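Heavy atoms only: backbone and side chains are in, while hydrogens, waters and symmetry mates are out. As the structure is a prediction and not an experimental result, all values here were calculated from the model.
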Amino acid sequence: MVKSDQAPVQATAGVPARRAALKLLMAVLGRGTPLELALDTALAEVRLSNDRALARHLAATVLRWLPDLDALIDSATPKPLPEDARARMVLRVALAGWLKLGTPPHAVVATALPLVEGGPRRLVHGVLGSLIRANATLPEAPHLPDLFAIRWAMDWGPEVAEAAAAALAEEPATDLTLRDAAETDRWAEALGGTSLAPGHVRVPRSKSLGGDLTEWPGFAEGAWWVQDFAASLPARLLGAQPGDSVLDMCAAPGGKTLQIAAAGADVIALDVSDTRLERVRENLARTGLAATLAAGDALRWEPGRLFDRILLDAPCSATGIYRRHPDVLHLKGARDLAPLTLLQAALLRRAAGWLKPGGTLVYATCSLDPREGERIAERIIAGLPRAPIEAAELPASLAPTGEGWVRTLPGQIADQGGLDGFFIARFRKLAA
């Protein structure tokens, strides 16, 4: 039975996590701050690691199911609440805990009411009571925000949009890239995972390895780093060899730099600030790999040399990583692409000028919008013809497009856990 609004709330366990989840949602939905960037501030007063993890999980779950949670809330209110109303935010968190995390109804109410006062408190109590009595449910798969449901159906077909919604329902498996591809079988067995290609291990969410990645086998010795399989493809297709001079533009968080360094190349990792390079520095130290780090704006920075190979994983809307970062579907940057496409084109032209004759350039974005991928790659760059990607260079489950590019989409290899959305094009500068 749902407690009376006048009854004292006895259960305080779980309230700190929900209060922090509320702060995270206000940062993402109210101020447009990416979820990962909001964590430190929102979790600053949360002492227990379990509460910190729960806060992040609750916020991410709300972002995965936001249109459906809002539909339930609107069905139980006489008129729609403002999008940024605190009561709506609290109800989102409470319903996500009940319907997706399995929080008992009495605890749902007990942990929601301390987050609101006065009239909003009575409203939250009434809406929760109504939905609990009605045994409200969520659909099997979440509904994408209208903008992306329509855009992806137009760009890739309704079946891809449906697959994208299905993939949004749960956090995907954890992909790892190995420092030594020769040890793939060893680490797949040690981690209880599977491999899609040499140098890759996928650990399913159901595998009990503990919640902290730093405690997994191989972490301390630097045997692997976390990197979605699709995100590993650009560096794989760059084909860096021992002794090659390579520039990794926009290098943070550093997975591709690590791949290139592991291949034995002489790599410079460039990113816009030293703060963004700190994680690259930490992973290099952990893995024992070597790279030169350079902080600077790629549109102004000068390398003073040319390179055999350049990897440009350009800044983008990041809609391709929505499975792991559902906040991207609710951020303004995913909607206004004009500044990004101008930057991407400028960076690509810049990279072309730093390439040696006969050198290779790979352009990639983790976006599902062709304006950031195919449309950019179609632009003619003098003296930089395409170097088509061959089917033999890809895992058997993937294939290049007719233009010789790679486009990964929701629904691909779904039976093996799927992958993030990426676009990859390769070019080779004409020899002198």
Practice problem: For R309 and V246, indicate whether the former's side chain and the latter's backbone hold a donor-acceptor pair under 3.5 Å. | Solution: no
Quiz item: Does G126 offer a backbone N or O that forms a donor-acceptor pair with the side chain of S130 under 3.5 Å?
Solution: no
Quiz item: Between R426 and P388, which heavy-atom pair has the shortest distance, and what is it?
Solution: NH2-O, 2.9 Å
Quiz item: When you look at CG of D146, are more than 12 heavy atoms from neighbouring residues, nucleotides or ligands closer to it than 6.0 Å?
Solution: no
Quiz item: Charged N to carboxylate O below 4.0 Å: is that the case for D248 and K256?
Solution: no
Quiz prompt | W224, W225, W187 screened by ring-ring contact (aromatic ring centres under 6.0 Å, His included) with F219, the one that passes | solution = W224
Quiz prompt | Main-chain N/O of R323 paired to R64 side chain as donor or acceptor, under 3.5 Å | solution = yes
Self-check item: Partner residues of W98 under the ring pair (Phe, Tyr, Trp, His ring centres under 6.0 Å) criterion, sequence neighbours left out
Solution: none
Quiz item: Distance from T103 atom OG1 to L58 atom CG, nearest 0.5 Å?
Solution: 7.0 Å
Exercise. Applying side-chain contact (heavy atoms from CB on, under 4.5 Å), name anything that partners E302, two or more places apart in sequence or on another chain.
Key: R350, W354
Quiz item: Has E45 got more than 12 heavy atoms of other residues, nucleotides or ligands less than 6.0 Å from its CD?
Solution: no
Exercise. Measure from the side-chain N and O atoms of T184 to the backbone N and O of A181, and report whether any donor-acceptor pair falls under 3.5 Å.
Key: yes
Just distance, no hydrogens or angles: give the donor-acceptor pairs under 3.5 Å from side chains in residues 166-175, sequence neighbours left out.
from	atom 1	to	atom 2	distance (Å)
D175	OD1	H200	NE2	3.2
D175	OD1	R202	NE	2.6
D175	OD1	R202	NH2	3.4
D175	OD2	R202	NH2	2.8
D175	OD2	F229	N	2.8

Quiz item: What distance do T319 atom OG1 and L368 atom CG have between them, rounded to the nearest 0.5 Å?
Solution: 4.5 Å
Self-check item: Evaluation steps, side-chain contact (heavy atoms from CB on, under 4.5 Å), between M89 and L115
Solution: CA-CA 10 Å; M89 293 285 192; L115 304 179; over 6 Å; no
Quiz prompt | Close side-chain approach of M26 and L22, heavy atoms under 4.5 Å | solution = yes
Exercise. Drop me the distance from I73's CD1 to D68's CG, to the nearest 0.5 angstrom.
Key: 11.0 Å
Quiz item: Heavy atoms, side chains only, cut-off 4.5 Å: are L213 and V226 in contact?
Solution: yes
Exercise. Not counting sequence neighbours, which residues clear ring pair (Phe, Tyr, Trp, His ring centres under 6.0 Å) with F422? List them please.
Key: none
Practice problem: Mind checking the CG-CG spacing from D420 to L409? Nearest 0.5 Å is all I need. | Solution: 12.0 Å
Practice problem: Please confirm whether the backbone N or O of T287 pairs with a side-chain atom of R179, one donor and one acceptor, at under 3.5 Å? | Solution: yes
Quiz item: Heavy-atom distance under 4.5 Å between the side chains of V124 and L113, does that happen here?
Solution: yes
Exercise. Output the distance between atom CZ (R52) and atom CG (L54), rounded to the nearest 0.5 Å.
Key: 12.5 Å
Practice problem: Would you please test E374 and E403 for side-chain contact (heavy atoms from CB on, under 4.5 Å) and show each step? | Solution: CA-CA 10 Å; E374 288 83 351; E403 298 85 357; over 6 Å; no
Quiz prompt | R281 atom CZ, over 12 foreign heavy atoms within 6.0 Å | solution = yes
Quiz item: Tell me, do Q412 and L398 make a side-chain contact under 4.5 Å, heavy atoms counted?
Solution: yes
Practice problem: May I ask you to test the L237-L394 pair for a side-chain heavy-atom distance under 4.5 Å? | Solution: yes
Quiz item: Between atom OG1 of T401 and atom CD1 of I389, what is the distance when rounded to the nearest 0.5 Å?
Solution: 8.0 Å
Quiz item: Are S367 and D369 close enough that a side-chain donor and a side-chain acceptor fall under 3.5 Å?
Solution: no
Practice problem: Classify the side-chain pair T111/R18 by whether it contains a donor and acceptor separated by less than 3.5 Å. | Solution: yes
Quiz item: Are any of the side-chain heavy atoms of L196 and L419 separated by less than 4.5 Å?
Solution: no
Quiz item: So which of L311, D313, L347 actually passes side chain to side chain contact (heavy atoms under 4.5 Å, CB included) with C250?
Solution: L347
Quiz item: Salt-bridged, R375 to E378, with N to O below 4.0 Å?
Solution: yes
Self-check item: side-chain contact (heavy atoms from CB on, under 4.5 Å) between L24 and L39, intermediate numbers included
Solution: CA-CA 7 Å; L24 287 171; L39 288 174; 3.8 Å; yes
Quiz prompt | Whether W152 and Y322 hold their rings parallel, tilted or perpendicular, with breakpoints at 30° and 60° | solution = tilted
Exercise. Indicate yes or no for a side-chain donor-acceptor contact from D271 to the backbone of R276 under 3.5 Å, with no hydrogens or angles considered.
Key: no
Quiz item: For S317 and E372, does a side-chain donor sit closer than 3.5 Å to a side-chain acceptor?
Solution: yes
Quiz prompt | CD/E189: more than 12 non-hydrogen atoms of other groups inside 6.0 Å | solution = no
Quiz item: Side-chain contact, heavy-atom cut-off 4.5 Å: L340 with R371?
Solution: no
Self-check item: Where P234 and V362 come nearest, the two heavy atoms and their spacing
Solution: O-CG1, 3.9 Å
Self-check item: Partners passing ring pair (Phe, Tyr, Trp, His ring centres under 6.0 Å) against W65 (at least two apart in sequence or in another chain)
Solution: none
Quiz item: Within a strict 4.5 Å, meaning less than it, do heavy atoms of the P303 and I268 side chains meet?
Solution: no
Quiz item: Does D84 pair with R31 as a salt bridge, N-O distance under 4.0 Å?
Solution: no
Quiz item: Would E36 and R56 pass as an ion pair if we require N to O under 4.0 Å?
Solution: yes
Quiz prompt | Residues in salt bridge (Lys or Arg N to Asp or Glu O under 4.0 Å) contact with E162, at least two apart in sequence or another chain | solution = none
Exercise. Evaluate side-chain contact (heavy atoms from CB on, under 4.5 Å) for L25 paired with V28, printing each intermediate quantity in order.
Key: CA-CA 5 Å; L25 290 173; V28 173; 5.6 Å; no
